[in-house]
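Single-structure report; data block below.
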Amino acid sequence: MLPSIDRNRAWVLVFMLSVLISFFYMRPLRSPWHPFIAGDGLGYYSYLPARYIYHDTQYSFSWFNEAYNKNYVYSTFENPEDNLLVTYKNKKINKYYQGLSYIWWPFFMLAHGIAKVSGYPADGFSLPYQWCIGLASLCYLLLGLHYLRKMLLLLGPSPNVALFTTAAMFYGSHLFTYAISANSLSHAYSFTFIVLFLHSGLSFLKGPENRLQNALLCLLFLTITACIRPLNVLIVLILPFFLSKGFFYQSFPKQTYTWKHLSILLLCLLAVYHQVSITYTQTGSWLAYTYTDERFHFGESRFFDGLFSYYMGLFIYVPIALLSFAGLMYLPTAQRIALPLFFFGIVFLYGSWWYWLITKRALIDYYPILAIFLAALFTGLAKQRLQFITGAIAVLCVLY
């Protein structure tokens, strides 16, 4: 009989393999009607071919329509460049943020090399580029799921609870759809980098080992999170509620900077430079609001529709989210109050956006909070021998 730790590793492997199988079974790999780079992803991605293929140093994207028409069979807009370009002070700019292009860079360069040696057009949108962005989405998804489980372990649940919670959140939520099928939208990537931020932040708070490195990693992942979607920097507000008593009275061991620490700092600086330099080139301002006339309307928030509407309510279509809130009773008092207030604040915020329907997918970024609730529920009920019943309800939620 295998030791329990080996059994858990085996189940982790089974889960990760199930994610791989789901991806390759459900995701068309070369359908002209379902490309990997599509929708908002065209805006996030186009910074890469602009710089490295078309040498478009001013980011005018004058080449975009021709490249698009060669590789796509239809466009949402009559003029394809309207997928990404808006008018800002009488100038056409790409309104989308640059963070995803930063983390896609290695996959883009791999695709560019493959295209050149395999005979495919090296135009930024042919099949090798599509496949490599699909590969990027899969890699970052697996990374996020792996560290979600590790993050939950830092909070005390057993390995079995951490794994079951991770699987339930993936298969029982919109993360499944957006990670498998919407490969160039930002939300599954934001989910992963918020998980990485929370994992490194909790590692910093929980123990003295590698404290400097964990602090710098926390900063790096927060920086990338903000570069992908600036509003996601709000996640930093929940970290103080995981502070242990007497944290500020602890003695911190002295640590010296190494090449690892300097490398992390350099990556932070590169991420920020990548973001602001492109923004400045396009707009002449370091901190321009590129979404022009798209605004929040806080007096008209669709808060309750975001949670309960038949059209797209989170608690209607993702019942695992509603179940997770039962775990609040097992959290420390500060977290029990602050975390749901934060989550509902995010619902209110996106419910106030002019296109409030984005709430459904924007909440994917914050699923790690729901995972914390759900893991607390399973852990608390284990002591009352009700864990099996709750687990069965969670499975039904996933199937629903």
Residue pair [X] / [Y]: nearest heavy atoms and the distance that separates them:
X: Val73; Y: Pro32; value: CG2-O, 3.4 Å
X: Gln275; Y: Gly99; value: OE1-N, 3.4 Å
X: Cys397; Y: Ile320; value: CB-N, 3.9 Å
X: Ala111; Y: Pro128; value: CB-O, 3.5 Å
X: Leu153; Y: Pro157; value: CD2-O, 3.6 Å
X: Trp63; Y: Pro49; value: CH2-CG, 3.9 Å

Would you confirm whether [X], through its side chain, and [Y], through its main-chain N or O, come within 3.5 Å as a donor-acceptor pair?
X: Tyr68; Y: Tyr74; answer: yes
X: Thr359; Y: Tyr350; answer: yes
X: Gln282; Y: Asn94; answer: yes
X: Ser324; Y: Ala321; answer: yes
X: His187; Y: Ile364; answer: no
X: Asn90; Y: Thr87; answer: no
X: Ser184; Y: Ala38; answer: yes
X: Tyr54; Y: Asp123; answer: yes
X: Thr279; Y: Trp286; answer: no
X: Arg302; Y: Gly351; answer: no

For [X], I'd like to know if atom [atom1] has over 12 heavy atoms of other residues, nucleotides or ligands within 6.0 Å.
X: Lys91; atom1: NZ; answer: yes
X: Trp11; atom1: CH2; answer: no
X: Tyr273; atom1: OH; answer: no
X: Met26; atom1: CE; answer: no
X: Tyr291; atom1: OH; answer: yes
X: Phe77; atom1: CZ; answer: yes
X: Tyr310; atom1: OH; answer: no

Taking the six-membered ring for Trp and the single ring otherwise, decide whether the centroids of [X] and [Y] are under 6.0 Å apart.
X: Tyr140; Y: Tyr189; value: yes
X: Tyr45; Y: Phe125; value: yes
X: Phe344; Y: Phe325; value: yes
X: Phe348; Y: Phe296; value: no

Is the shortest side-chain heavy-atom distance between [X] and [Y] below 4.5 Å?
X: Ile133; Y: Tyr129; answer: no
X: Trp353; Y: Glu294; answer: yes
X: Thr225; Y: Asp365; answer: no
X: Phe343; Y: Leu363; answer: yes
X: His112; Y: Leu48; answer: no
X: Phe373; Y: Leu323; answer: no
X: Tyr311; Y: Asp305; answer: no
X: Leu234; Y: Leu349; answer: yes

Quick one: pull up [atom1] in [X] and [atom2] in [Y] and give me the separation to the nearest 0.5 Å.
X: Leu141; Y: Phe170; atom1: CG; atom2: CZ; answer: 5.0 Å
X: Ile372; Y: Leu155; atom1: CD1; atom2: CG; answer: 5.5 Å
X: Ser200; Y: Phe221; atom1: OG; atom2: CZ; answer: 5.5 Å
X: Phe197; Y: Met151; atom1: CZ; atom2: CE; answer: 11.5 Å
X: Arg51; Y: Trp105; atom1: CZ; atom2: CH2; answer: 10.0 Å
X: Asn83; Y: Lys95; atom1: CG; atom2: NZ; answer: 10.0 Å

Can [Y] be reached from [X] by stepping across I, L, V, M, F, W or Y side chains whose heavy atoms are under 4.5 Å apart?
X: Leu314; Y: Phe176; answer: yes
X: Val276; Y: Tyr88; answer: no
X: Leu269; Y: Leu222; answer: no

Residue pair Tyr97, Tyr44: steps toward the ring pair (Phe, Tyr, Trp, His ring centres under 6.0 Å) verdict: CA-CA 6 Å; Tyr97 300 114; Tyr44 298 125; 7.7 Å; no
Measure up the [X] and [Y] rings against each other and bin them: parallel (under 30°), tilted (30 to 60°), perpendicular (over 60°).
X: His174; Y: Tyr178; result: perpendicular
X: Phe108; Y: Tyr52; result: tilted
X: Phe15; Y: Tyr171; result: perpendicular
X: Phe304; Y: Phe308; result: parallel

Ser203 versus Asn214, side-chain donor and acceptor atoms under 3.5 Å: no
Test item: side-chain donor near acceptor, Ser101 and His274, under 3.5 Å: yes
Intermediate values then yes/no, side-chain contact (heavy atoms from CB on, under 4.5 Å), Phe164 and Ser158: CA-CA 10 Å; Phe164 184 79; Ser158 68; over 6 Å; no
Stepwise side-chain contact (heavy atoms from CB on, under 4.5 Å) test for Tyr102 and Leu270: CA-CA 9 Å; Tyr102 183 74; Leu270 285 173; 3.7 Å; yes
Ile103 vs Phe193, side-chain contact (heavy atoms from CB on, under 4.5 Å): CA-CA, chis, key distance, verdict: CA-CA 11 Å; Ile103 64 172; Phe193 279 92; 3.6 Å; yes
Verdict with reasoning, Tyr96 to Leu42, per side-chain contact (heavy atoms from CB on, under 4.5 Å): CA-CA 9 Å; Tyr96 291 100; Leu42 289 165; over 6 Å; no
Verdict with reasoning, Tyr47 to Trp104, per ring pair (Phe, Tyr, Trp, His ring centres under 6.0 Å): CA-CA 10 Å; Tyr47 294 107; Trp104 278 335; over 10 Å; no
Lys/Arg N to Asp/Glu carboxylate O, Lys92 vs Glu81, below 4.0 Å: no
